[in-house]
Amino acid sequence: MSILCGCCPLLECVYCLGCARWAYKRCLYTAGHDSQDWGLATPHEFEPVPRFCRYILSVYEEDIRNPVWEPSEGYGINPDWLLLKKTYEDTQGRAPAYVLYLDHDHKDVVVAIRGLNLAKESDYAVLLDNKLGERKFDGGYVHNGLLKAAGWVLDEECEVLRELVVKYPSYTLTFAGHSLGSGVATMLALLVVRRPDRLGNIERKRVRCFAIAPARCMSLNLAVRYADVINSVVLQDDFLPRTATPLEDIFKSLFCLPCLLCIRCMKDTCVPEQKMLKDPRRLYAPGRMYHIVERKPCRLGRFPPVVKTAVPVDGRFEHIVLSCNATSDHAIIWIEREAQRALNLMLEKEKRMEIPEKQRMERQESLAREHNLEYRAALRRAVTLDVPHADSIESEYGTFDKTQDDETEEEEEETESITSKVGESSSSSSSVRQSYKRRRNRGVSWDELIESLFERDESGNLTFEKSDLLR
């Protein structure tokens, strides 16, 4: 009995210390930490985001010809091109409301899906229809309820989508959604890419997905693998992409939220992130990430928004930010507004630079190559971190299954551009490329390659390793 009396205070002290450490880390953690090492997005790649936000907002209108909630820029929708609209009565609660829009201006077939309706029990049923590790898909795990909802939508609209894809071979097929709808849109993209025969053998490069304020709906290997198809947009402190606790547990624990917070607190404190990465059932925000940052720590007001982008493996919005804007940043209205502001600033900056059309096209081509390299870097990073089922990704899927010669040629061009930046002579450039080939042939990791080409200065920043290149 005396032993128990002595252990209880000790356990209480350990628990209090763990909670204090967790609170300390959370209070110092800001949204800027998530994307501080990411690159800046370009106007060309970010241009569709505010447009798709407006398409999603149009789903909330009862009559698109007589809008009630129209934003200042309008929805940008031609009512004559709106092919169909499905309400909750049409879907019978199996999926959120959505529209099918044929966008001739941008040569795009768009399926836009609305977010969670707090007044509809069917939306909660979709979220609750999942257990950790319940549904396997394509070598990973996905959210069961969202996958079933996407399957229902695809079964309903398969014939229409197939006719449109075949009739307009130069058009892309885009799935866009917000919150709950983002998860359904993501699952639709997975299904179409996995089974292209259902839509007339549509090519992977014609399929896109824009998940606005995305739910964590797929395992890490799938999130990285489909980064060439799926794009996730997060506004500053949005809570949903950071909520590692399964959605079904959150809604089931509304009457015991302190218990959930205590368990979450201890888990974040005691379980290292490397161990979490190795759990194949753990779900993540999907695809390539776009992070809109508009507030800075310890400063009041909003600053001009900046958009960062990357295909992260570790550090994929793993920590909840203690912020009074965590819920407001999830609203589609705010996301559309800040995304449009960010795009306007990028276009204004590009206009001031007066970039010639030829150079602008060359920049878009080089951007595609850079994204390709970034995808492969993420895949290699996943293998390096021993992410489950990540070792067979590169040779099997989409953009990553290029021939060995194409990869060698692109990587030689990348190495050549690096050496030209430091004024390297042709002989030195050749030696670097030969050294790079030798490293690549022995299966060197991407991190080792970076370390071989760069060195760190006193402040810890990467700089070109001139001492080796200029000898």
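- Side-chain contact between Leu180 and Leu127 is present, with heavy atoms from C-beta onward closer than 4.5 Å.
- Ring geometry for His291 against Trp38 counts as perpendicular: the plane angle is over 60°, on a 0 to 90° scale with 30° as the lower cut.
- Listed here is the closest heavy atom pair of Ser219 and Asn221: OG-OD1, 2.7 Å.
- For Glu348 and Lys351, the salt-bridge test fails: no basic side-chain N is under 4.0 Å from an acidic carboxylate O.
- Leu347 CG: more than 12 foreign heavy atoms inside a 6.0 Å radius.
- Closest approach of Ala215 and Pro286 over heavy atoms only: O-CD, 3.8 Å.
- Side-chain atoms of Thr174 and Arg208 include a donor-acceptor pair closer than 3.5 Å.
- Under the salt bridge (charged side-chain N to carboxylate O under 4.0 Å, His left out) criterion, the residue pairs touching residues 95-104 are Arg51-Asp103, with sequence neighbours excluded.
- Defined by atom type and a distance below 3.5 Å, a donor-acceptor pair is present between the side-chain atoms of Arg288 and Thr309.
- Remark: Arg204 engages Asp228 in a salt bridge, criterion side-chain N to carboxylate O under 4.0 Å.
- The two atoms that bring Pro50 and Glu336 nearest to each other are O-CG, 4.0 Å, heavy atoms only.
- Aromatic pair Tyr55/Tyr101: ring centres closer than 6.0 Å.
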*Do Asn144 and Asp129 pass the side-chain hydrogen bond (donor to acceptor under 3.5 Å, both in side chains) test, and can you show the C-alpha distance, the side-chain angles, and the key distance before you say yes or no?*
CA-CA 6 Å; Asn144 182 59; Asp129 185 14; 3.1 Å; yes
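- Using a 4.5 Å cut-off on side-chain heavy atoms (C-beta onward), Leu40 and Val307 make no contact.
- Remark: His104 pairs with Trp81, Tyr168, Tyr171 by the ring pair (Phe, Tyr, Trp, His ring centres under 6.0 Å) rule, at least two apart or across chains.
- The two residues Asp123 and Gly115 make their nearest non-hydrogen contact at OD2-O, 4.1 Å.
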*Output, in order, the C-alpha distance, side-chain angles, deciding distance and verdict of side-chain contact (heavy atoms from CB on, under 4.5 Å) for Leu146 and Val142.*
CA-CA 8 Å; Leu146 295 176; Val142 296; over 6 Å; no
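- Put simply, the side chain of Trp334 does not reach to within 4.5 Å of the side chain of Asp329, judged on heavy atoms.
- Residues passing the side-chain hydrogen bond (donor to acceptor under 3.5 Å, both in side chains) test with Lys308: none are found, sequence neighbours excluded.
- We find that Arg242 and Asp237 are not joined by a salt bridge, their nearest charged nitrogen and carboxylate oxygen being 4.0 Å or further apart.
- The nearest pair of heavy atoms linking Leu173 to Leu199 is CD2-CD1, 3.6 Å.
- Cation-pi contact between Arg282 and Tyr284: present, with separation from the ring centre below 6.0 Å and deviation from the ring axis of at most 45°.
- Under 3.5 Å, the side chains of Glu134 and Tyr141 contain no donor-acceptor pair of N or O atoms.
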